[in-house]
Amino acid sequence: MEKVAFIINPFSAKKNYQPFLNELKIKIDSPLYYVSESIAGTDEFIKTHFDHVDIFVAIGGDGTISTVAQNLILTDKVLAIFPAGSGNGFSNETRFSKNLDQLLEKIKSGKSRKIDTFTVNGRLSINVSGTGFDGKVVKEFEKTSRGFKNYIKVSLKTFFNYKPIKVKFFDEKYKQYNGKYLMLNIANTRQFGNNAYIAPKASKSDGLVDMVLVKKFPLTYSALFAFRMFTKRLKDDEYVTYLPVSEISFKVNTKNWHLDGEFNKIKSPIHVKVQPSSLNILI
């Protein structure tokens, strides 16, 4: 286990990481770990141990995982995950569970495979990022104590008051999609988290992301939309459009984005680009 490092986000999992750490110390003699104080601290820890560690384990949610992954892009180092976030979309999609024994077995086998990532104006995303309604939801959600119930409450409150965003594409073949939307998402995997599948056909290893354009829909459609999203049945219809792309540029009249569930301010014009086979994931 001397070639494995564990990076813990102490603010994930309702700030209760101690049980994980206690179990880790029981099952591994003197594990190499870091309880992160900041993104800069995480970056420095990885940099310090980069040459003699093969597998970096992120303990946290999608934001934590993305922070660790940022340091491993286009290298032979391997990312592993112990999910401890509120949604755990990326860990769900890469089949990591909250079972330390299973994780240690995977580490022992050492098998990995490369998957795609993408950037939004140069900023890394590994799972799903977006703007519009869900960007606003993430901004408001971060003011709460998190949790799925709070996410639903914030989503409902935001939906009724939210004005659609305006999107304008630069490429001629996409100009037919210029218009107003409730939200725009870029999906490298299928789900936001909590098994909410915004892009059921997305693949993290096909060199493409699914751009999901969702028009503001009436209340009568909301139950169907939710049903389809949680049963992997969302598809193109009068309110939802899917555009598989490897690279795309556009303008949008908001700076509010979320990157893997973390709120970000990003100014237009927006340039999205896939980085094929850029991240090694433990399997």
Side-chain angles (χ1 to χ4, degrees), residues 1-115 117 119 123-127 142 145-147 193 258-264 278-283:
M1 290 296 177
E2 68 276 10
K3 294 184 179 180
V4 180
F6 298 83
I7 299 165
I8 301 168
N9 180 351
F11 304 107
S12 292
K14 298 180 181 178
K15 303 182 181 180
N16 186 23
Y17 67 91
Q18 200 60 52
F20 168 84
L21 190 52
N22 292 342
E23 187 181 2
L24 182 67
K25 288 179 177 179
I26 290 170
K27 293 180 176 177
I28 298 179
D29 184 32
S30 300
L32 174 61
Y33 71 89
Y34 172 65
V35 179
S36 179
E37 298 173 353
S38 65
I39 291 175
T42 294
D43 293 344
E44 184 61 31
F45 174 82
I46 294 173
K47 182 179 178 181
T48 299
H49 297 282
F50 193 82
D51 290 340
H52 61 271
V53 168
D54 297 320
I55 301 170
F56 289 89
V57 184
I59 297 93
D62 286 351
T64 304
I65 297 163
S66 187
T67 297
V68 175
Q70 177 73 60
N71 294 274
L72 312 182
I73 294 294
L74 299 174
T75 74
D76 61 351
K77 304 301 179 180
V78 177
L79 173 70
I81 301 162
F82 186 88
S86 54
N88 300 317
F90 187 75
S91 54
N92 289 344
E93 290 294 285
T94 47
R95 299 183 180 180
F96 286 95
S97 70
K98 295 181 180 181
N99 184 309
L100 184 55
D101 287 329
Q102 288 181 8
L103 175 61
L104 295 179
E105 282 300 315
K106 284 186 176 186
I107 289 171
K108 194 177 291 184
S109 72
K111 295 179 181 177
S112 66
R113 72 182 183 100
K114 290 185 179 294
I115 64 168
T117 61
T119 57
R123 303 187 198 190
L124 179 70
S125 180
I126 58 174
N127 195 54
E142 289 188 347
S145 57
R146 294 199 171 233
H258 75 87
L259 299 181
D260 299 325
E262 300 292 321
F263 181 72
N264 278 255
S278 54
L279 180 63
N280 257 338
I281 289 280
L282 194 70
I283 58 173

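Predicted, not measured: the structure shown is a model, and the values here were computed from it. Quick note: numbers below take in every heavy atom, side chains included, and nothing from hydrogens, waters or symmetry partners.
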- Item | Residue list, side-chain contact (heavy atoms from CB on, under 4.5 Å) with K27, at least two apart or on another chain | E23, L100, D101, L104
- Item | Cation-pi, F96 ring and K106 (6.0 angstrom, 45 degrees) |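 Positive - K106 is close enough to the ring of F96 and near enough to its axis.
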- Item | Aromatic F56 / basic K77 pairing, under 6.0 angstrom, 45° off normal |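 Here K77 fails the 6.0 Å and 45° test against F56.
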Any chance you could measure [X], atom [atom1], to [Y], atom [atom2], to the nearest 0.5 Å?
{"X": "I281", "Y": "I126", "atom1": "CD1", "atom2": "CD1", "result": "7.0 Å"}
{"X": "N88", "Y": "S97", "atom1": "CG", "atom2": "OG", "result": "11.0 Å"}
{"X": "I8", "Y": "F6", "atom1": "CD1", "atom2": "CZ", "result": "9.0 Å"}

- Query: Hey, does the side chain of D62 reach the backbone of G261 with a donor-acceptor pair shorter than 3.5 angstrom?
  - Reply: no
- Task: Using atom types as modelled and distance alone, determine if a side-chain donor or acceptor of T67 lies under 3.5 Å from a backbone N or O of G63.
- Result: yes
Do you know the tightest heavy-atom contact between [X] and [Y]?
{"X": "L259", "Y": "L124", "result": "CD1-O, 4.3 Å"}
{"X": "G87", "Y": "N92", "result": "O-ND2, 3.8 Å"}
{"X": "I65", "Y": "G60", "result": "CD1-O, 4.3 Å"}
{"X": "A80", "Y": "L282", "result": "CB-CD2, 3.8 Å"}

- Message: Side chains of N280 and D76 only: does a donor on one sit below 3.5 Å from an acceptor on the other?
- Response: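 Side-chain D/A pair, N280 to D76: absent.
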- Donor-acceptor pair between S36 and N9 side chains, under 3.5 angstrom: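 No.
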- Message: Counting only heavy atoms from other residues, nucleotides and ligands, does the tally under 6.0 Å from OH of Y34 exceed 12?
- Response: yes
- In terms of ring plane angle, is the pair H49 and F45 parallel, tilted or perpendicular, where the classes change at 30° and 60°? tilted
- Task: Indicate, with yes or no, if the rings of F20 and F82 have centres closer together than 6.0 Å.
- Result: yes
- With sequence neighbours excluded, residues passing salt bridge (Lys or Arg N to Asp or Glu O under 4.0 Å) with E44: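 By the salt bridge (Lys or Arg N to Asp or Glu O under 4.0 Å) rule, E44 matches no residue at all.
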